[in-house]
Protein chains: 2
Amino acid sequence: MFTLDEVDSGELAVDPSPRVPEDSRRSRKKQDTRNRLVAAADELFDRQGYDKTTTLDIAEAADVAQRTLFRHFPSKEALLYAELDDARFVLRDALHAQPDDVPALTAIRAAMAELGDRIVANRERRLLEARLAATTPAVSGYFRAVVQAGWERELIVAVAQRLDVDPMQDPRPEVLAGAAMSACRIATRQWTVSEGTADYVALADRALEAIAELADLA
Amino acid sequence: MFTLDEVDSGELAVDPSPRVPEDSRRSRKKQDTRNRLVAAADELFDRQGYDKTTTLDIAEAADVAQRTLFRHFPSKEALLYAELDDARFVLRDALHAQPDDVPALTAIRAAMAELGDRIVANRERRLLEARLAATTPAVSGYFRAVVQAGWERELIVAVAQRLDVDPMQDPRPEVLAGAAMSACRIATRQWTVSEGTADYVALADRALEAIAELADLA
DNA sequence: AGGGTAATGTCAGTGACTGACATTAGTCAA
DNA sequence: TTGACTAATGTCAGTCACTGACATTACCCT
């Protein structure tokens, strides 16, 4: 099972990837180290599999100490999902950018379409993630419990604001968010079986559309 | 982060808790060991917290070798969620028991009502789980990635059968299942804040009902 | 009584992750 | 340029979840 300690507990977590890079040599080097770690992990995971790659392997491939790896990433899994995890902020911004008068689900569909483009841009990496998630429970578990849960929180907050309700009282924001995340999961799975040839945004939109049809099943 | 290796990969997993106890002394002793481990874990988690309790502590409190603990449970988290994890089969049976002609969401609501009763029966344990999940990301992560994902699979299969569709093609089973799981999560959270005084089944049913209202948000 | 074997015990690992402390190297002011 | 300040990294020893291999125990069954 994965070590799951970064299901971050709210809004207080320190940004792991600086949103404003503050362009100094120091921060450039830091960012470079981070990038090298991700690239090294990527390559090793791909070549020799997730389990057979140790964090020490990755650190050495990136030419840093193992301790440094864990200063940049809270876990081995976080290395794999660094990009998708950051996409959380993209999602937040995209949701904010939607006009106030459009319905919540419509806003989500628009935001997801925006996000979807960015996501599929990195096709090979997405397929690698899917491959590893399919074979390694620790990876798929992390994706669900950390990455998706993070996105879901953004959705809940955005929907609750839109409806002007308290998400602890009104179940709709959370239920809608959960449905949307499931839509993304099934779309991703469909896209993956197509080896990345299908139109991800279309698949996701179709799945999101199905949310409005759920009433027919009652 | 939790070690997440029991996101079991399908239907092939060996039943960790024998469904037919096969009443021999041997299996009774085995079951007893299992029970003592769960009880010991329960008590230690409650008294000294999740992180400060080692698997060795638990094993010793149950008077078995650490190795034996890991023969009964694949991870530390599995000990905490042994009961809820098994509830998966109760959910499956409850879904099967619903008549074929009722709509999918209606069947889910009925099945969940049945399950809800059983769940709340163990009030103190549920509150302990909630308390630990709130403070320990590894625990909440495990719940999402393993327990809930397991339930969700049952729902997906049941809904797909009911609609007579392929859940890989039609997004509705997965989307409905995801929404239902979110409904359970918010209901559980509401029940938890009430310290277990609220009517869980009613809360869950209200949240599930909200699924049919999602169309209003489009 | 005795052979077969499920359950347990023992032991020595592996590997993710952490705390403490030392070292290096940008940064910035004098 | 120098030197203090400190962010980033390195080093090292430790903890703990979890596993494989093999020995032992205890139930089961003839």
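The chains referred to below are lettered A, B, ... by the order of the sequence lines, with proteins before strands, and numbering in each begins at 1. Bear in mind the structure is a predicted one, so any value in this text is a computation, not a measurement.
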Does a nitrogen or oxygen in the side chain of [X] sit under 4.0 Å from OP1 or OP2 of [N]?
X	N	value
B/Ser27	C/dA6	no
B/His72	C/dT8	yes
A/Thr33	D/dA8	no

Could you tell me how far apart [X] ([atom1]) and [N] ([atom2]) are, to the nearest whole angstrom?
X	N	atom1	atom2	answer
B/Lys52	C/dT18	NZ	C1'	15 Å
A/Phe70	C/dA20	CZ	C1'	17 Å
B/Glu77	D/dC18	CD	C1'	11 Å
A/Leu37	C/dA16	CG	P	14 Å
B/Asp63	C/dT8	CG	P	12 Å
B/Phe73	D/dC16	CZ	P	21 Å
A/Gln31	D/dA7	CD	P	18 Å
B/Asp32	C/dA7	CG	P	14 Å

Close side-chain approach of A/Asp199 and A/Val120, heavy atoms under 4.5 Å: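 Contact flag for A/Asp199/A/Val120 side chains = no.
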
Student check: side-chain heavy atoms of B/Met112 and B/Leu91 closer than 4.5 Å: yes

Ring-face cation of A/Lys76 near A/Tyr50 (centre distance under 6.0 Å, axis angle within 45°):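 Relative to the ring axis of A/Tyr50, which defines the angle, A/Lys76 lies inside both limits.
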
Of the nucleotides [options], which has the atom closest to the [X] side chain?
X	options	value
A/Lys30	C/dT8, D/dT9, C/dA16	D/dT9
B/Arg26	D/dA26, C/dT10, C/dG19	D/dA26
A/Ser24	C/dG9, C/dT27, D/dA17	C/dT27
A/Ala65	D/dT9, D/dG10, C/dT8	D/dG10

Audit row: B/Arg88, B/Arg153, side chain to side chain contact (heavy atoms under 4.5 Å, CB included) steps and yes/no: CA-CA 9 Å; B/Arg88 175 180 168 178; B/Arg153 267 198 300 277; 3.8 Å; yes

Whichever of A/Thr54 and A/Arg67 has its nearest DNA chain C nucleotide further upstream toward 5': A/Thr54

5' priority, DNA chain C, between B/Leu69 and A/Tyr50 [closest heavy atom]: B/Leu69

A/Glu77-A/Ser75 side chain donor-acceptor pair, cut-off 3.5 Å: yes

Touch class at under 4.0 angstrom, heavy-atom based, for A/Arg25 against every strand present: sugar-phosphate

A/Arg28 (side chain) and C/dG26 (base): donor-acceptor pair under 3.5 Å: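 Answer no: no donor N or O sits under 3.5 Å from an acceptor.
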
Comparing B/Arg71 and B/Lys29 on DNA chain D - which has the more 5′ nearest nucleotide: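 Result: B/Arg71.
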
